[in-house]
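The structure displayed is predicted, hence computed values, not measured ones. Naming convention: chains lettered A, B, ... in sequence-line order (proteins, then strands); numbering from 1 in each chain.
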Protein chains: 2
Amino acid sequence: MQTTAVTTRPNATRTDICSAPPRRHPRPDGQDRYTISEVVAFTGLTAHTLRWYERIGLMSHIDRSHTGQRRYSNRDLDWLDFVGKLRLTGMPVADMVRYAELVREGESTYHDRRELLEATRRDVLARIGELQDTLAVLDRKISFYGDAGRAREGERTR
Amino acid sequence: MQTTAVTTRPNATRTDICSAPPRRHPRPDGQDRYTISEVVAFTGLTAHTLRWYERIGLMSHIDRSHTGQRRYSNRDLDWLDFVGKLRLTGMPVADMVRYAELVREGESTYHDRRELLEATRRDVLARIGELQDTLAVLDRKISFYGDAGRAREGERTR
DNA sequence: CGCTTGCTTGGAGTGCACTCCAAGGTCATA
DNA sequence: TATGACCTTGGAGTGCACTCCAAGCAAGCG
C-alpha cells in the first residue's frame, strides 16, 4: 500500500547532460535582454521578489541598461527556473543562497554542490512518501463522507 | 518520463471506512488522560504549539484535571495525527481551523467537509507531480556533477 | 512639453506559524 | 515538607519569505 514511485527516467544520454530543461526561451540568445516586468510575466515572481533575490545574493549581479535598469538574460531565466524548483522542494532561501555562492566560487565546489543536491533529492523523495501517506488518509476520509456518508459510526476520526 | 504514480490502494472495504489509521494508542480507551508533555512526546509538537492550536480553535476544548491541567484523550491524539497530515500538505492553519469548525457543527456539514478534503486531495496530487518534476531536474544536475563531472560544457544551467 | 507608465533604491511592514516569557500554581519524589 | 520538574495564562517576540513604500529618475507618446 503506497507505492514510493521512484520515477526511473531513461537515463540521460552523455551529450545532453545538464542541458537546459525542455523549456524554450522567449527570445534567442543575443536578443535576451529582458526588463524586470518581462521576467515577472515569464516567471510569475513579483518585481519585488526579483530585486530581493538579487539583494540577498540568490542571483549574481544582473546586467544593466545604460540608465541602470536591469536586463535579464536567458541564463538568468534558467537560473530562476531552477530556483523555482528548489523552492518547490521547501529548501530554505538561505540554502539556495549557499548553492549560488558555491556556483560563483567555481569548479572547485563541484563536490559540495553535488552533496547539497543529493541531500535535497533525499528530502524530495521523503516528501513524496509523506504526501502519498497523506493521500491515503484523505482517500479514507473522503470515502467516509462519500455516497455512503450517512453511516454514523466511525465518527472518532471524523 | 516522470510517472505520476497515483497509488491505487486495494479500495478499502465497506466495514473499515474511516477506521483509525494503523497507529496504536499509547494507552487503551478509558486510561487515556495524557498530560501535555506526554502528547509532546507522542506527536513531536511542542507544548506551546499544542496550547496555541487550542487557542485558535484547531482543537476543541481539551478535557482538564481537577486543577485545570490539560488531559488529552486518544481521540485528541487521532485528531492531532490528522492535523499533522494536513500540515504536510501545506494547508494553511486557517483552513484546518475551518475544517475543525465544520466538524463541530455536526453532520450537516458533511458535504462541505468532503469538498474541502477533495480540494486538498487535488492539491496533494499536484504537489506530488511538481516534486517529481523537481526530482528529474535534480537527477540531471546530479549526474552532471557526478562521476563524469569534469566535462565543462553545459555550464549554462550549472 | 506634459502625461503616463515603468524602473530605481533602502528601509520598513506584513502574514504566517509558531515560540517564548514572566509570574505563579501543581505534582511526584526523597 | 521541601525540592525541583511540570503546568497554567495572556501577551509579546521570532524567523522566514516576501511585500510594500516613498521619492525620484527614465522612456515613449501626442
Please report the distance, rounded to the nearest Å, between [atom1] in [X] and [atom2] in [N].
X	N	atom1	atom2	result
A:Asp95	D:dC16	CG	P	10 Å
A:Ile62	C:dC7	CD1	P	14 Å
A:Leu50	C:dG6	CG	P	16 Å
B:Ile36	C:dC27	CD1	C1'	16 Å
B:Leu58	C:dC16	CG	P	15 Å
B:Arg33	D:dC7	CZ	P	14 Å

For [X], enumerate each residue passing the side chain to side chain contact (heavy atoms under 4.5 Å, CB included) test, keeping only those at least two apart in sequence or located in another chain.
X	answer
B:Ser73	B:Asp32, B:Arg75, B:Asp76
A:Asp112	A:Arg98, A:Leu102
B:Val97	B:Ile56, B:Leu58, B:Val93, B:Glu101

Notebook entry, point to check: What does nucleotides 17-27 of chain D look like as a protein-contact string, B for base, S for sugar-phosphate only, - for none, at under 4.0 angstrom between heavy atoms?
Noted result: SBBB-----SS

Notebook entry, point to check: Base, sugar-phosphate alone, or nothing: which one does B:Arg71 contact when heavy atoms must sit under 4.0 Å apart?
Noted result: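 Touches nothing.
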
Notebook entry, point to check: Touch check for B:Thr35, heavy atoms < 4.0 angstrom, all strands: base, sugar-phosphate only, or nothing?
Noted result: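 It contacts sugar-phosphate atoms only.
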
Checklist line | Contacts of type side-chain hydrogen bond (donor to acceptor under 3.5 Å, both in side chains), residue B:Asp63, not counting sequence neighbours | finding: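 B:Arg33.
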
Item checked: Partners meeting side-chain hydrogen bond (donor to acceptor under 3.5 Å, both in side chains) with A:Arg64 (sequence neighbours left out) ->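 Once residues adjacent in sequence are excluded, the partners of A:Arg64 under the side-chain hydrogen bond (donor to acceptor under 3.5 Å, both in side chains) criterion are A:Glu54.
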
Note to self: OP1 or OP2 of C:dC7 versus the side-chain N and O atoms of A:Ser65: is any pair under 4.0 Å?
What the structure shows: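 For A:Ser65, the contact criterion (side-chain N or O under 4.0 Å from OP1 or OP2 of C:dC7) is not met.
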
Check: Is the distance from OP1 or OP2 of D:dT8 to the nearest side-chain N or O of B:Arg70 less than 4.0 Å?
Finding: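 For D:dT8, OP1/OP2 do have a side-chain N/O of B:Arg70 under 4.0 Å.
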
Notebook entry, point to check: Do the rings of A:Phe42 and A:Tyr34 sit parallel, tilted or perpendicular, given the 30° and 60° boundaries?
Noted result: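 If you compare the ring of A:Phe42 with that of A:Tyr34, the planes turn out perpendicular.
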
